[in-house]
Each structure stands twice: as structure tokens, then as C-alpha cells.
2 protein chains.
Amino acid sequence: MSQPRPKTRIQQKNQDAILEAALEVFSQAGFRGATLDQIADRAGLSKPNLLYYFPSKEAIHVQLIAGLLKVWLDPLRQLDPAGEPVEEILAYIRRKLELSRDFPRESRLFANEILQGAPRIQGPLHDELKPLVDDKAAVIAGWIAAGRLAPLDPHHLIFSIWATTQHYADFDVQVRAVLGPGHDPHTEAEPYLVALFRRALSPDATTHADIPVNSR
Amino acid sequence: MSQPRPKTRIQQKNQDAILEAALEVFSQAGFRGATLDQIADRAGLSKPNLLYYFPSKEAIHVQLIAGLLKVWLDPLRQLDPAGEPVEEILAYIRRKLELSRDFPRESRLFANEILQGAPRIQGPLHDELKPLVDDKAAVIAGWIAAGRLAPLDPHHLIFSIWATTQHYADFDVQVRAVLGPGHDPHTEAEPYLVALFRRALSPDATTHADIPVNSR
DNA sequence: GTGTTTTCTGACCGGATGGTCAAATCTGAT
DNA sequence: ATCAGATTTGACCATCCGGTCAGAAAACAC
């Protein structure tokens, strides 16, 4: 058992700088498109010096993704089974949209990885993402069964929320090209998405008991 | 004015093979990630022979994207101002989802390009995409003003449709990882998306005239 | 100040990659 | 059959890129 040797200030500073630079470069160019020189430049280091802190390009990428996944899944974790269904989901949408606004590079890094077949994160996808989604989907299914939410497939509902919120980070240039100057996509998106999903999710006015189970 | 010299069968065949191979490789690896050797191999040609038909890697990519955009925008063009609003939009969603199912590589190629800042298609985005979207957004706005559609920002509505439908092509691996085996994402997505947007888009039961313009 | 450890750098390496070129081979029209 | 033009190829090149290494420089402990 070797003690985890304490980090010096220099180590901390440079590793942070490298990860920050790598996030910038990887998210904009993808793994294959990024070069160590670009990352080193941005971090203010020489390439060999960068490789003094990380053993390889892949290692940087792995650490970046690992740190990312936790933050990325957190909004879904917060979905509270004890809360008011529609408001819980709308709150989830708002959190996800905030993430998309405040951490667009992280979103694009993730998108890049998935697009290319997720060669480096198949594991976490099955081990962390799937169980969490299944768990929360069950919560949503419970709400639907109780007539507190419109009947919509929980898994696909979650997909829709991911898709619509991350769209504003991942497809930012397209959104801006279409809207033209003088628009703030995220600011406009928030009330729109809330309205869209509130309409779709709110249970029908008729009570659950009023609906015949089978109208033969 | 030089006559466009007629294409031989061999030219036609090889150019098609190259574009097909390039689509496969570019969509899976991105521009920088793709190599001419990969493309040549898949097309059944040698690298120099490939470069006999296209002057450069970039030229292949440009031609691919140019051909793509037309097909990609077609579903939106078909949105009929004379149709029934909700059904028109649902039909658009179905067409877009079909595209996502039948041409996932094209969707990913596009996504890759946008993700990386659209360096090669800024032009078409402004010259073709924006005018079309603005035009159709105006149609939708008209429907809303007539009370035939729920009041939702037309531009962002279109973004939502793009996001949710393309998600099944671009994030395919993630969707499959979450759903697990034994699911056909697209088949499940169709009724889900139709239900989601039908609920969100259908105008309220109360007639338009019943709603006070300003309730101060 | 001295010795030790950490940090940093220039020079270099091997393989991949986009692209060129001269020459060989094939095709089709006559 | 012949020949011009179209097609294909192997050999080659310059550059880029991830990574190594021996040693210089800086930081730190005493």
C-alpha cells in the first residue's frame, strides 16, 4: 500500500491548466482532432512537460470524462420521488438547461464522444447511466400510474429532455445562425421548454378514475 | 463557357463509391478523424486513384455536405401552410424521424460538422437554412395567431423537433445503452414523440375568442 | 549553502497522413 | 488493330503527431 503522495502547488496548478485546456480543445475538435501541441499551448506548457503530468493523450481524455459524468448526471439524481410530478420534471429541465448554458464545452465533449460510438465510455454508460435512468424512469412511471402525470414513456421522456436542452449547447452555432443576432438562445429556451413540457406533461383535467380502463 | 464533359460509367461508379465510403467514415470519425486510406479501402480503390477523382480530402467532404443539405431540409419544405396545423407538424416530425432512422450517417455527419463550429458550412446555414426556417416559422406563427395551435415560439418549436428526432440517430449508442437490448428505439420513439407534441401543440379547448388578450 | 527531488526543455524518433508524379494499364471509338 | 484518352498504380515526399530521453533548471529541505 503506497501512500498517495501529496500534490504540490505546482502539480495542482498545471494539472488544472491541462484539463482546462484539454476540455477546450477536445470539445471543439473531438479526440482524434485534438493535438497535444494545441493542448500544451493553451495550457502554457511544452509538450514534453505536459506529458510529464499525464502519461498520454488518452489519459487526459479519460480523466476529463470521468470527472464530467458525475456533474452531468447530478440533475437527474436530484429528481425527487416525493415532489410534485410536473414541477419536479420542469425543475429537472431547468437544471439541465442551466448546465447546457454554463458548461457548453462539457456538453460538446460528451456529444463528441457519443457521436463517435462512445469507444471510451461504454463502461460508465452501462454501469452508471443506465441504472440511474431506469431508477428515475420507474419513479415517473409511478407518477403516471397514479394519474399525476400524462401517460408518456418515461425513458423517451428523459431522452427528449436531454435532446432539447443539450441542443442549445451542442448545436449552438446552428441555433445562432438560424435566430440571427440579437437573440440569447438560452434565455429564450427556458420559458419555451417549460411551456412545451408543462403542456405535454400535465395530466388531463378528467380524473384518473373517470377514464375507462377498456372501452370495449 | 466550357461544356460539362459527360461522365463515363466508370467515373459515375467510382465517385458514388467514394462518396458512400466517405459518408461512412466521416460520419463515424469526423473530418479530422477520417483518413484517406480508410475511405479508399472502403471504396475499393487505391489512395492515389481516389485522389484522381477528388482533388483533396476537403473536396470530398464539401461535396458530401452540399448533397446532404438538400435532402435534410426537404421535410421542412413540405410543411404545408394550407394544411391542418397540428397534423402538419406531426407529419413533419414523422418525416424527420424517418430520416433519422433511414439516414443516421447523414445525421451524424451533420452533427459532427455543427459540433466543431460548422467551419465548412457557415455559408449554407445562413443562405439556405435560416430563410427556410424563418419562412416556416412565420407560417406557424400565423397558425398560432389564428388560435389553431398552442402558443409556442415557432423557432424554438422547430429546434425541439430537430433535437428530439435527430437524437435517435446522433446519440444512438447512448439510447441503446440506456434502453438495453430488445428495444427498437425508432419504433418506440414515433408514438412517443407524436403523443408528446400533440399534447403540447393542440390548442386549448376554450376557443381563441374566449381568451382575454390582456387580463389587467 | 548543499544536496535532493521536482519540474522543465530541446532534440529526437517512428509511424501515420495528405498529397504528388511518372509511368503502366485499360477502354472505347474508329 | 490502333491509338488517344481515361484510369490505375507503386514509389515517393513533406509534414504532422504522439511519445521518449538525457540532461538542464528550478524548488525545496536541511
Side-chain angles (χ1 to χ4, degrees), chain A residues 2-65 109 112-113 116 119-120, chain B residues 2-65 109 112-113 116 119-120:
Chain A
S2 66
Q3 300 287 357
R5 164 183 311 229
K7 271 185 197 163
T8 68
R9 267 183 305 284
I10 293 178
Q11 270 170 25
Q12 188 66 55
K13 179 176 70 92
N14 282 346
Q15 281 183 11
D16 288 355
I18 290 169
L19 288 176
E20 155 67 26
L23 174 59
E24 186 73 26
V25 176
F26 278 138
S27 71
Q28 210 264 333
F31 182 78
R32 185 79 169 20
T35 75
L36 288 180
D37 284 297
Q38 288 171 352
I39 299 174
D41 277 359
R42 243 178 204 282
L45 301 174
S46 66
K47 185 170 60 170
N49 197 13
L50 181 152
L51 286 165
Y52 169 73
Y53 289 100
F54 288 87
S56 69
K57 182 182 179 182
E58 177 120 10
I60 303 175
H61 193 262
V62 166
Q63 179 147 342
L64 220 42
I65 296 254
L109 176 67
N112 249 309
E113 192 60 16
Q116 324 226 323
R120 280 167 278 274
Chain B
S2 65
Q3 298 289 357
R5 154 185 319 224
K7 271 184 195 161
T8 67
R9 267 184 305 284
I10 293 178
Q11 269 171 26
Q12 189 65 54
K13 179 175 71 91
N14 283 346
Q15 282 183 10
D16 287 356
I18 290 169
L19 289 175
E20 156 66 26
L23 174 59
E24 185 74 26
V25 177
F26 278 137
S27 70
Q28 211 264 334
F31 181 77
R32 184 72 168 27
T35 75
L36 288 180
D37 284 298
Q38 288 171 354
I39 299 174
D41 276 359
R42 245 181 200 281
L45 301 174
S46 65
K47 184 169 60 167
N49 198 11
L50 182 152
L51 286 164
Y52 169 75
Y53 290 100
F54 289 88
S56 69
K57 183 182 179 182
E58 177 119 11
I60 303 176
H61 193 264
V62 166
Q63 178 147 342
L64 218 43
I65 296 253
L109 177 67
N112 248 310
E113 192 60 16
Q116 322 224 325
R120 280 168 279 272

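Below, chain A is the first sequence line, B the second, and so on; all start at residue 1. The basis for the numbers below is simple: all heavy atoms, side chains too, and nothing from hydrogens, waters or symmetry mates.
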Looking at [X], I'd like to know whether one of its side-chain N or O atoms comes within less than 4.0 Å of OP1 or OP2 on [N].
X	N	result
A:Asn49	C:dT7	no
B:Tyr53	D:dT8	yes
B:Asn14	D:dT8	yes
A:Tyr52	C:dT7	yes
A:Ser46	C:dT9	yes
A:Arg32	C:dA16	no

Between [atom2] of [N] and [atom1] of [X], the distance in whole Å:
X	N	atom1	atom2	answer
B:Asp41	C:dG18	CG	C1'	15 Å
A:Phe54	C:dC8	CZ	P	13 Å
A:Gln12	C:dT6	CD	C1'	16 Å
B:Asp37	D:dT9	CG	C1'	14 Å
A:Lys13	D:dA27	NZ	C1'	13 Å
B:Leu50	C:dT20	CG	C1'	14 Å
A:Glu58	D:dG19	CD	P	9 Å
A:Leu51	D:dA22	CG	P	16 Å

Would you say [X] and [Y] make side-chain contact, with heavy atoms under 4.5 Å?
X	Y	value
B:Glu113	B:His61	yes
B:Leu36	B:Phe54	no
A:Phe26	A:Leu64	yes

Residue whose closest nucleotide on DNA chain C lies nearer the 5' end, B:Gln38 versus A:Gly44 | A:Gly44
So which one's nearest nucleotide on DNA chain C is more toward 5', A:Leu45 or B:Phe31?
-> A:Leu45
Nucleotide-resolved protein contact map, nucleotides 25-30 of chain C, B/S/- at heavy-atom distance under 4.0 Å | ---S--
Out of [options], which nucleotide sits closest to the side chain of [X]?
X	options	value
B:Gln11	C:dG19, C:dC21, D:dT7	D:dT7
B:Lys47	D:dG18, C:dG19, D:dG19	C:dG19
A:Leu36	C:dG18, C:dC21, D:dG19	D:dG19

What does B:Ala40 touch in the nucleic acid at a heavy-atom separation under 4.0 angstrom: a base, only the sugar-phosphate, or nothing?
->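 If one applies the 4.0 Å heavy-atom cut-off, B:Ala40 turns out to touch nothing in the nucleic acid.
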When we call it a touch if two heavy atoms are under 4.0 Å apart, what does B:Ala59 touch: a base, just sugar-phosphate, or nothing?
->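 B:Ala59: no heavy atom of the nucleic acid under 4.0 Å.
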Confirm from the modelled atom types if A:Lys57 and D:dG19 form a donor-acceptor pair under 3.5 Å, side chain to base only.
->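 Result: no qualifying N/O pair found.
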Output yes when a side-chain donor or acceptor of [X] lies under 3.5 Å from a complementary backbone atom of [Y], and no otherwise.
X	Y	answer
A:Arg120	A:Val62	no
B:Lys57	B:Ala34	yes
B:Arg32	A:Arg32	yes

Heavy-atom pair with the smallest gap, counting every atom of B:Ala21 and B:Arg42 = CB-CB, 3.6 Å
Nearest 0.5 Å, what's the CD1-CD1 distance between B:Ile65 and B:Ile60?
-> 13.0 Å
